[in-house]
Amino acid sequence: MQPQRNDSPWQNNSPFWQRFIRRNIPLLIYLFLAFAGMLAVYWYFNPSGGDAEVIASVVSGTQLSAPLVKNVPAKPVEQRLAQSTGPRRIGIIAGHKGFDSGAVCADGLTEASINAALAEKLAVNLQSNGIRTEILDEFDARLTGYSAAALISIHADSCEPINELATGFKISGSSFTDSSKLSICMENAYGTATQLPYHANTITADMANYHAFREISPGTPAIIIEVGFMYLDRKRLTIESDPVVIGLVNGVTCFLEQS
Ligand SMILES: [Zn+2]
């Protein structure tokens with residue numbers, strides 16, 4: 001005979017799902033709590049519909065959602081033409097550097113030394129104004145196809161005691177690239193700073209047909225300036241050269257401001 005169990009009689013006779021629940025009460029409570037927790041987290045962090053609409057209208061104006069495709073107006077492709085401005089860098093040729101001494105005075109003062117000192121002072125001044133500069137030799141290998149915002153070649157006139165008119169400066173611009181802006185800026189700034197007269201009538205074929213004009217990139221404006229005569233203007237070109245340097249710096253900055 002089978003021993004009689006003391007459990008309540010309905011336990012064995014109740015339907016399967018009731019027995020299942022009774023057996024798994026801890027598990028079911030755990031699942032319920034987990035679900036309620038997740039629901040609470042979802043409600044807490046989910047922005048209300050109102051918020052989403054406000055954000056969308058702020059972001060995209062009147063629309064409720066931001067457009068996926070932006071309408072960008074057609075823009076012409078800008079091509080760098082030969083005449084367009086080069087990088088903002090100034091090339092300075094220290095006349096005769098690396099080649100010969102240029103004009104020489106009776107006491108041995110050379111044009112090359114005057115040109116080199118002025119080129120150096122001009123470069124230092126421009127660089128302190130944040131303008132990249134580089135000093136080039138008269139026949140520098142870099143001149144072939146040279147590209148810059150401007151190229152300035154510094155020379156000085158003869159040291160012969162010609163006459164009392166042998167004082168002043170002159171400028172010749174490249175005919176390969178429009179260099180008139182650079183020429184005009186330099187002529188005005190240099191004349192104002194130094195009070196030297198402008199010698200338009202003594203510009204030589206050598207200046208107009210200057211070799212560097214033919215070598216550099218066609219987009220680079222270029223001038224050659226004869227800063228003064230080594231005989232009568234000697235002091236201004238050597239021991240009292242501040243106005244000369246200021247004139248050169250102002251000529252370059254005037255040109256850069258206009259281009
Ligand atoms: Zn020279």
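As the structure lists them, so they are numbered: ligands from 1, and atoms in each ligand from 1. Note that the numbering runs from 1 along the sequence shown for the chain.
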task = Return yes when at least one N/O/S atom of D157 is nearer than 2.8 Å to the Zn ion (ligand 1), and no when none is.
result = no
key: K181 versus S259, side-chain donor and acceptor atoms under 3.5 Å   = no
request  = Can you label the angle between the H155 ring and the H96 ring as parallel, tilted or perpendicular, going by 30° and 60°?
outcome  = perpendicular
query = Looking at H155, which of its N, O or S atoms is the nearest one to the Zn ion (ligand 1)?
reply = ND1
task = With the Zn ion (ligand 1) at the centre, find the angle made by NE2 from H96 and OE2 from E111, to 10°.
result = 100°
query = Do S172 and Y210 have side-chain N/O donor and acceptor atoms under 3.5 Å apart?
reply = no
query = Hey, would you say the F99 and F139 ring centroids sit under 6.0 Å apart?
reply = yes
